[in-house]
Amino acid sequence: MSAAPADWPLWEVFVRARRGLTHLHVGSVHAPDAELALHNARDLHTRRGEGASIWVVPAAHITASDPDDKDAYFDPALDKDFRHPAHFELPEGVEHL
């Protein structure tokens, strides 16, 4: 007897619409293994032929930042002006740098 789908691990699904584009997160599926997760993802998230490739990743293997730590991760560091190219003078004749 197999485990019920509710007991299957959660997989996050990423679909790339066309070659050259990035994979975008489109949702999640439950599946007992990667192969079935891929098939479930295809059936659920690419029904209209909108994908060129699919990635499935076990949700338990994803490490994410805490939204409460937003400033620590995404602070633009305005107090660190060395990160901005504002101290350089462009030589004459350089139009695009």
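Position 1 is the first residue of the sequence; numbering continues from there.
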K.L.:
Go through the steps to decide whether L24 and V15 satisfy the test side chain to side chain contact (heavy atoms under 4.5 Å, CB included), and finish with yes or no.
P.N.:
CA-CA 5 Å; L24 297 177; V15 172; over 6 Å; no
K.L.:
Are the side chain of H25 and the backbone of G27 linked by a donor-acceptor contact shorter than 3.5 Å?
P.N.:
yes
K.L.:
Examine L10 and V57 and state if one hydrophobic cluster contains both, with Ile, Leu, Val, Met, Phe, Trp and Tyr joined whenever side-chain heavy atoms are less than 4.5 Å apart.
P.N.:
no
K.L.:
Would you indicate whether the side-chain heavy atoms of L38 and I54 approach each other to under 4.5 Å?
P.N.:
yes
K.L.:
If we ignore hydrogens and angles and just use 3.5 Å, is the side chain of D33 paired with the main-chain N or O of L36 as donor and acceptor?
P.N.:
yes
K.L.:
Which heavy atom of S53 sits nearest a heavy atom of H23, and at what distance?
P.N.:
OG-NE2, 2.7 Å
K.L.:
Could you tell me if the side chain of E12 sits less than 4.5 Å from the side chain of V29, heavy atoms only?
P.N.:
no
K.L.:
Indicate, with yes or no, if L44 and V13 share a hydrophobic cluster defined by side-chain heavy-atom contacts under 4.5 Å among Ile, Leu, Val, Met, Phe, Trp and Tyr.
P.N.:
yes
K.L.:
For N40 versus A31, what's the shortest heavy-atom pair and its separation?
P.N.:
ND2-CB, 3.8 Å
K.L.:
When rounded to the nearest 0.5 angstrom, what distance separates CZ in R42 from CZ in R47?
P.N.:
12.0 Å
K.L.:
Grab the two heavy atoms, one from H30 and one from W11, that are nearest each other, plus how far apart they are.
P.N.:
C-CD1, 4.5 Å
